[in-house]
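Only a predicted model underlies this, so the values are computations on that prediction, with no experimental measurement involved. Each chain gets a letter, A, B and so on, in the order its sequence line appears, and its residues count up from 1.
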Number of protein chains: 2
Amino acid sequence: MQMTPAKTKLLNAALRIVRTNGYEATSVDELCRDAGVTKGAFFHHFKSKEDLAVAAAGYWNEVTGKLFAAAPYHDYEDPLDQLIAYIDFRATLLDGRSIPEATCLLGTMVQETYESNPAIRAACFGGITSHAETIADIIRAAKARHAPKATWSAESLALHTQAVIQGGFILAKAKDDLALARDSILHLRRYVELLFHHAKED
Amino acid sequence: MQMTPAKTKLLNAALRIVRTNGYEATSVDELCRDAGVTKGAFFHHFKSKEDLAVAAAGYWNEVTGKLFAAAPYHDYEDPLDQLIAYIDFRATLLDGRSIPEATCLLGTMVQETYESNPAIRAACFGGITSHAETIADIIRAAKARHAPKATWSAESLALHTQAVIQGGFILAKAKDDLALARDSILHLRRYVELLFHHAKED
DNA sequence: GACAACATACCGACTGGTTGGTACGCATAT
DNA sequence: ATATGCGTACCAACCAGTCGGTATGTTGTC
């Protein structure tokens with residue numbers, strides 16, 4: 001999608017500011033100031049603040065989609081290796097980043113808007129589940145090869161990976177330390193290893 | 001702590017409304033309307049909206065502290081049984097509740113305030129870690145008895161339980177379905193079982 | 001036990017600043 | 001010429017917080 005400069009600048013500003021201060025605490029004026037455009041430009045491209053949030057969720061999916069598509073975890077032949085490498089990749093995404101830079105726009109926005117703003121909630125849900133689905137594909141393949149008789153489902157485990165990552169972000173925000181998010185991802189890695197290790201023993 | 005009726009009503013209103021709409025989207029006027037008190041009463045008891053949020057976090061700890069202290073998971077002799085029962089108890093806390101009723105005030109508030117409001121962030125951190133510490137005590141005992149040589153720490157696993165629960169809430173909010181939170185808690189249960197099952201084999 | 005002095009709990013009109021959103025003007029490109 | 005992209009000026013609603021005031025204790029003094 002071709003985008004006009006002001007629109008792109010506004011969306012990038014939204015990713016940064018909303019992840020830092022949340023959706024409600026982010027004002028249209030601040031967004032415009034940060035993007036270096038005026039309010040006229042804002043309401044030319046977005047019919048409301050809510051509309052911007054929905055567009056930002058879509059933009060987030062675009063940006064992170066490319067990031068994950070280009071990530072090295074795809075290079076492994078064994079899907080279980082891919083899964084472990086994906087988890088490790090999620091951990092490396094915390095390195096050298098501040099908390100607002102490392103955390104997820106969708107998880108942040110949905111907390112504030114799930115009850116009051118169905119459109120934003122749905123956009124966040126779509127983004128999270130579409131990413132989880134790509135992980136579920138990997139898990140499905142890993143399960144078929146290494147744990148065909150396991151009782152858990154690939155979809156459920158994929159969503160769990162996202163839950164752990166999102167939950168890790170919350171703890172990290174609370175302590176102001178991304179190490180807590182890293183620790184939880186490490187537990188997740190161990191869980192996946194134990195799950196498949198256990199299945200092989202049967 | 002003895003509390004005046006208006007103050008208690010405001011704190012109870014805060015627990016409900018903030019969990020529903022978030023901190024920023026909750027106005028002082030709405031809080032007063034819901035509590036059935038006036039603005040004068042609000043600012044008599046709290047010197048600012050931020051002050052109310054900090055007090056609400058403390059109040060949340062009181063209320064949930066009693067809930068967990070009276071919960072049945074303490075009745076087991078074996079600390080590992082206690083831990084599993086705690087996890088199951090967390091799952092039952094979702095039953096028959098709406099999402100705002102089931103979710104955690106601290107996790108919701110800290111997402112919005114971690115960068116812009118250190119006092120609220122610290123209050124949320126204190127509440128989460130003090131609860132996690134009670135779980136860490138159980139895990140420490142379970143580890144001493146069943147997995148003395150395990151490499152993971154009780155504190156880290158305790159925080160991970162909280163991360164999974166918080167992350168489950170985010171997914172539940174995104175899908176508007178608490179089943180997702182339940183699923184993640186089930187994965188957490190399996191993780192703990194595998195962790196100790198694995199340790200016993202060594 | 002009566003009365004003054006003071007504290008606590010609460011009321012609700014008001015304020016100055018901020019909010020999301022609108023109306024409209026103008027330049028450029030087709 | 002007309003649609004698109006953006007700037008300027010503005011608005012009504014709402015926001016957190018203030019302030020003068022009342023009603024109801026509580027405490028100390030004689």
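Side-chain atoms of B/Thr64 and B/His131 include no donor-acceptor pair closer than 3.5 Å.
The nearest whole Å value for the distance from the CG atom in A/Asp29 to the P atom in C/dT19 is 6 Å. The distance between atom NZ of B/Lys49 and atom P of D/dT18, rounded to the nearest whole Å, is 15 Å. Remark: C1' of D/dC6 and CG of A/Leu10 are 11 Å apart, rounded to the nearest angstrom. Here D/dG7 presents its P atom at 13 Å from CZ of A/Phe42, a figure rounded to the nearest Å. Distance B/Leu52 CG to D/dC15 C1': 15 Å, rounded to the nearest Å. Between B/Leu31 atom CG and D/dC15 atom P the separation is 12 Å, expressed in whole Å. Put simply, CZ on A/Phe46 is 13 Å from C1' on D/dG5, counting in whole angstrom units. Rounded to whole Å, atom P of D/dT18 lies 12 Å from atom CG of B/Asp51.
Within the structure, every pair that satisfies the ring pair (Phe, Tyr, Trp, His ring centres under 6.0 Å) test and touches residues 5-43 of chain B, not counting sequence neighbours, is listed here: B/Phe42-B/Phe46.
Between D/dG17, D/dC6, C/dC11, one nucleotide has an atom nearer to the side chain of B/Ser48 than all others, and that is D/dG17.
Proximity of A/Tyr191 to A/Val164: side-chain heavy atoms (C-beta onward) are nowhere separated by under 4.5 Å.
Between A/His44 and D/dC6 there is no side-chain N or O to OP1 or OP2 distance below 4.0 Å. Taking 4.0 angstrom as the limit, B/His45 places none of its side-chain polar atoms (N or O) nearer than this to OP1 or OP2 of C/dA9.
Taking all atoms of both residues into account, the shortest heavy-atom contact from A/Ile120 to A/Ala53 is CD1-CB, 3.5 Å. Between B/Gln82 and B/Glu77, the closest heavy-atom pair is NE2-O, 3.9 Å.
B/Thr38 meets the side-chain contact (heavy atoms from CB on, under 4.5 Å) test with B/Ala41; sequence neighbours excluded.
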Is there any protein nitrogen or oxygen under 3.5 Å from a nitrogen or oxygen in nucleotides 22-30 of chain C, and what are the pairs?
none

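Contacts of A/Ser27 with the nucleic acid, taken as non-hydrogen atoms under 4.0 Å apart, involve only primed sugar atoms and P, OP1 or OP2.
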Residues B/Glu112, A/Lys173; criterion salt bridge (charged side-chain N to carboxylate O under 4.0 Å, His left out); working and verdict:
CA-CA 9 Å; B/Glu112 292 182 68; A/Lys173 286 173 180 176; over 6 Å; no
